[in-house]
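Numbered from 1 within each chain, the chains take letters A, B, ... in sequence-line order. Values below: all heavy atoms of this structure, side chains included; hydrogens, waters and symmetry mates excluded. The shown structure was predicted, so the numbers you read here are calculated from the model rather than taken from an experiment.
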Amino acid sequence: MIEVQLPDGTIVEKEDHATALDVAKGISEGLARATAAAVIDGNTVDAMRPLAELTDTRPVALQLLTTRDAEASAVMRHSCAHIMARAIMRLYEGVGLAFGPVKGNTFYYDFDLATPISEDDFPKIEAEMKKICKQAEPFERFTMGRDESIQFCADLNQELKVEHIQGGLADHDSLSFYRQGEFVDLCRGPHIPHAGMIKAFKILSVAGSHWKGDVSNRSLQRVYGTAFFDKKELRAYLEQIEEAKKRDHRVLGSRLQLFTINPDVGQGLCLWLPKGATIRATLEDFIKAELLRRAYEPVYSPHIGRVELYETSGHFPYYRDSQFAPLFGHSAGQLVDYWIRALDPNDEETTPPTADEEQKLLDAAMVMGFKGEEFPLQGSVEEKHTVLRNWEKLQERYLLKPMNCPHHAMMYKAIPRSYRDLPVRLAEFGTVYRHEQSGELNGLLRVRGLTQDDAHLFCTPEQVEQEFKDTLGLVKYVLQAVGLEDYRVQLSSKDPGSDKYVGSDELWENAQDTLRRVLTEEGIDFVEAPGEAAFYGPKTDFMVKDCLGREWQLGTVQLDYNLPIRFELEYTGRDNKPHRPVMIHRAPFGSMERFVGVLIEHFAGAFPLWLAPEQIRVLPLSEKSDDYAKDVASKLRTGGFRVTTDLQSAKLQAKIRQAQLDLIPYMLVVGPKEAEQNAVAVRCRIDGDLGVMSFDDALAKLTAERDNLVIRQVASPTALATDEGEASNEY
RNA sequence: GCUGCUGUAGCUCAGUCGGUAGAGUGCGUCCUUGGUAAGGACGAGGUCAUGGGUUCAAAUCCCAUCAGCAGCUCCA
């Protein structure tokens, strides 16, 4: 017999081989029907496995997971992934199985499959899945030894599973499988007792992916789906997605005329329309005022800089692929650049020049002033490259600036610095250009030209901690001021196994320790993300989600001991000797583009009074009141408000409806009565009609709301839940 | 960049079997002059993303290019 303790403390005795399902049955048939899985020792486990196998603790502390528990849904979705895989294997030949984990409310399965699956195929896959669910066959678990498992998977023609057992699961002696009818899959589990528990599911999309997430590996087809225990929940979830899409900043940006992106201007290059620009300018003014209070100094730098500058900083070689190609000060540079690439055997876009062509290139180069006799016409490619590289260096090459830090480092260097001057805080809304992969571009959230609310702090090693602390405080303050409270803090640290980082391990450890310590002292919850650091230093990133639940980095504070070395930055210490400062890179908003994009979604386009591009709209009751409306608007403008008048010959209801749809915070209705008393009838977008008040009272009320940066929202946006639970799916 | 999907009026979308393109909304003009979420009439708007091909005939079929969307990968 085995003793089992239920969450309420009750202890029940069961047969030795009893399962969680048996315990549930002992309580009620209904409970047994609803039991999807169990929790023992904090682990989610199969409800149909004998309890004695699952833990040595006695009595067994057992918690049943029923169809009402969120954890049970995750188990069920994983089972649904198996069912989808089973259906697809019935419909297609030669299906290779990769991974099929759960991700938030959705699941996916990666398939190695020659035939492309398209959306048109979803109905037939779903129909097959429905059949499987109807049959309500159980999920049966069994285990095998390593070698046996490898042979088993090989016999099933599941090469990827074989590879995974040999690679990722190398330290597992025994492996578990789940069988459901004719379908068997290497899987850690757990699963629901039988397929009949899945009452509602839907295939959502199909996309490409790569085996183990590595682009150099074979590409797979990833089919996404979602499943629920209840049809209503599925419908509600699909509606929630539709609802969330209405908040999409790309949709609102165009409806509210905030910004536009035009392919004729260029991919990923956004055009800020007046209303969007107003929001941005308001935010910039807000942060400029705050920086003044915090003793930052404004600077400006040009949009381009010499390539050598970025070679010094390390950005050019490191990010070459995602930068716009260098610009040449003279066309001779282009000639040499072309020549170098033509000779490069690894450059697939070019073919080596013939002897004839090379002579022409040489003639052209001599016309442009190069010393032709230096060029080894009969030499090797390497010898030619050497000469061409030298010629290239004679040319001015510029980079559209991908980063502001090198410019700011030069500004630091421009003036002799004493320890008494530090910290030096140089701030600039710096516009940078990055040639992001085309598939990555996304509205305002990922663009090719962006403006960072950037600043670089240069301080002594002793000051680092305080400066870092203050900077974190600034980021938190700024986010709180605009009402963005739903963020996650991440300490992006170095991946010890990678060689992409510059600088000594000691500097890195030192920097990471400082970040960890300050974050802990400040009581900021954070997760550490190894491998997410910049190549020159660790950083603290503030992450937020968009309307589809995708995560983006907004604010960032980065510690950097490396660029000061590369740029040989110095200050004179108390000892009259040169010392090396430490740099802190920081951008509370991140980029103005992404930040405004996120804000649009956060407020669903309905900005608080202080940020709204059009703050007040004056609505005359009829044309008879047009003059008074203009008068009111003009006085509000004098009070610093952004105000318009609606003079179209429409009924009041229509004007109000239009203003509500345009998400204008306040409407002032004026008719003959108001004109007579120098009054206005105030209507708030959120609260509706506030009644008639004197113009002065209305002005005072709105001024207070604006100047206090009051944030008001009808409902706080509910981002789609997409908790990252992927790591738990080991196989 | 990769995989899949999409591209028709300013916007949202119809358009059957290949046979000279349609709605709603917005926009303009006129009528209407109103009290807190849609008053009415008329009108203008399209090289069906671009370039090729197949065909007597292409928005429709095929190919390429460009752009967008979702995911992957990348992200200073």
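- Pairing for B:U54 is absent, with no Watson-Crick or G-U wobble pair whose two atom distances lie under 3.5 Å.
- Under 4.0 angstrom from either OP1 or OP2 of B:G34 there lies at least one side-chain N or O belonging to A:Lys624.
- With respect to the salt-bridge test (charged N to carboxylate O, under 4.0 angstrom), the residues A:Arg617 and A:Asp662 qualify.
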Could you please spell out the steps behind the side chain to side chain contact (heavy atoms under 4.5 Å, CB included) verdict for A:Ser301 and A:Met411? CA-CA 9 Å; A:Ser301 57; A:Met411 292 186 192; 3.7 Å; yes
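- Of the residues listed (A:His456, A:Gln452, A:Glu428, A:His585), the one engaging A:Asn404 in a side chain to side chain donor-acceptor pair (under 3.5 Å) is A:Gln452, and it is the only one.
- Separating the C1' atom of B:G46 from that of B:A23 is a span of 14 Å, rounded to the nearest Å.
- A distance of about 9 Å separates the C1' atoms of B:A44 and B:C27, rounded to the whole Å.
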Counting primed atoms, P, OP1 and OP2 as sugar-phosphate and everything else as base, the B/S/- map of nucleotides 64-72 of chain B against protein heavy atoms under 4.0 Å is ---SSSSBB
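- Taking the C1' atom of each, B:G71 and B:G22 are spaced 35 Å apart, rounded to whole Å.
- For A:Glu436 and B:C2, the CD to C1' distance is 16 Å, given to the nearest whole Å.
- Using a cut-off of 4.0 Å between Lys/Arg side-chain N and Asp/Glu carboxylate O, A:Arg446 and A:Glu436 are scored as salt-bridged.
- To the nearest whole angstrom, the two C1' atoms, one in B:C72 and one in B:G10, are 34 Å apart.
- As judged by a 4.0 angstrom heavy-atom cut-off over every strand, A:Lys212 is placed among residues making no nucleic acid contact.
- The nucleotide whose nearest atom lies closest to any side-chain atom of A:Glu623 is, among B:A38, B:C5, B:U33, B:U33.
- B:U65 and B:U6 have their C1' atoms separated by 16 Å, with the value rounded to a whole Å.
- Within the 4.0 angstrom heavy-atom criterion, no nucleotide atom of any strand lies near A:Ala659.
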Salt bridge (Lys or Arg N to Asp or Glu O under 4.0 Å) between A:Arg712 and A:Asp687, intermediate numbers included: CA-CA 11 Å; A:Arg712 294 202 57 197; A:Asp687 299 327; 2.8 Å; yes
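- Atom name P, nucleotides B:C11 and B:G7: the rounded distance is 15 Å, in whole Å.
- Counting heavy atoms from C-beta on, the side chains of A:Gln553 and A:Lys539 come closer than 4.5 Å.
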Test side chain to side chain donor-acceptor pair (under 3.5 Å) on A:Ser622 and A:Lys651 and set out the steps. CA-CA 8 Å; A:Ser622 77; A:Lys651 280 169 67 172; over 6 Å; no
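- Between B:U8 and B:A14, the distance separating the two P atoms is 10 Å to the nearest Å.
- With a cut-off of 3.5 Å on both Watson-Crick or G-U wobble distances, the partner of B:A37 is given as none.
- Below the 3.5 angstrom threshold, one finds no donor paired with an acceptor across the side chain of A:Arg594 and the base of B:C75.
- Between A:Ile686 atom CD1 and B:A37 atom P the separation is 16 Å, expressed in whole Å.
- Side-chain atoms of A:Ser649 come within donor-acceptor range of the base of B:U32, with a qualifying N/O pair under 3.5 Å.
- One interatomic measurement links the two molecules: CG of A:Leu554 to P of B:C75, which rounds to 18 Å at whole-angstrom precision.
- The distance between atom CZ of A:Arg657 and atom P of B:G35, rounded to the nearest whole Å, is 18 Å.
- A:Pro672 comes within 4.0 angstrom of a base, heavy atoms only.
- Checked for salt-bridge contact, A:Lys246 and A:Glu243 meet the test: a charged N lies under 4.0 Å from a carboxylate O.
- Distances from the side chain of A:Arg683 to the nucleotides B:G35, B:G39, B:A37 place B:A37 closest.
- At whole-Å resolution of the value, CG in A:Leu256 and P in B:C11 are 15 Å apart.
- Looking at A:Arg488 and A:Glu551, a side-chain N of the basic residue comes within less than 4.0 Å of a carboxylate O on the acidic one, giving a salt bridge.
- Taking atom C1' in both B:A58 and B:C17, one finds a spacing of 14 Å when rounded to whole Å.
- Across all strands, A:Ser313 comes closer than 4.0 Å to no nucleic acid atom at all (heavy-atom distances).
- Across the protein-nucleic acid pair, A:Met667 atom CE and B:G35 atom C1' stand 14 Å apart, rounded to whole Å.
- Set against B:G35, B:U36, B:C5, the side chain of A:Glu119 has B:C5 as its closest nucleotide.
- The base-pairing partner of B:U16, taking Watson-Crick or G-U wobble contacts with both distances under 3.5 Å, does not exist among the strands shown.
- Each of A:Ile117 and A:Gln653 was matched to the nucleotide of RNA chain B holding its nearest heavy atom; the match closer to the 5' end belongs to A:Ile117.
- Because its glycosidic torsion is within 90° of 0, B:G45 is reported here as syn.
- Between A:Lys212 and A:Asp214, no side-chain nitrogen of the basic residue sits less than 4.0 Å from a carboxylate oxygen of the acidic one, so the salt-bridge criterion is not met.
- Across all strands, A:Phe535 comes closer than 4.0 Å to no nucleic acid atom at all (heavy-atom distances).
- At a threshold of 4.0 angstrom between heavy atoms, the contacts of A:Gln323 include nucleobase atoms, whether or not backbone atoms are also involved.
- Of all nucleotides present, only B:G24 satisfies the Watson-Crick or G-U wobble test against B:C11, with each distance under 3.5 Å.
- For A:Glu674 and B:G35, a side-chain-to-base donor-acceptor distance below 3.5 Å is present, hydrogens and geometry of angles not being considered.
- Between A:Leu252 atom CG and B:U12 atom C1' the separation is 15 Å, expressed in whole Å.
- In a base pair of the Watson-Crick type (N1 to N3 plus N6-O4 or O6-N4) or a G-U wobble (N1-O2 and O6-N3), with each distance short of 3.5 Å, B:A67 is matched with B:U6.
- Look at B:U47: it lacks any Watson-Crick or wobble partner with both distances under 3.5 angstrom.
- Other residues, nucleotides and ligands contribute only 12 or fewer heavy atoms inside 6.0 Å of the CD atom of A:Glu159.
- In this entry the distance linking CZ of A:Arg446 with P of B:G1 reads 13 Å, nearest Å.
- Among the atoms of the strands shown, none is found under 4.0 Å from any heavy atom of A:Gln221.
- Heavy atoms of A:Lys655 sit nowhere under 4.0 angstrom from any nucleic acid atom.
- Using the Watson-Crick or G-U wobble rule with both distances under 3.5 Å, B:A59 pairs with nothing in any strand shown.
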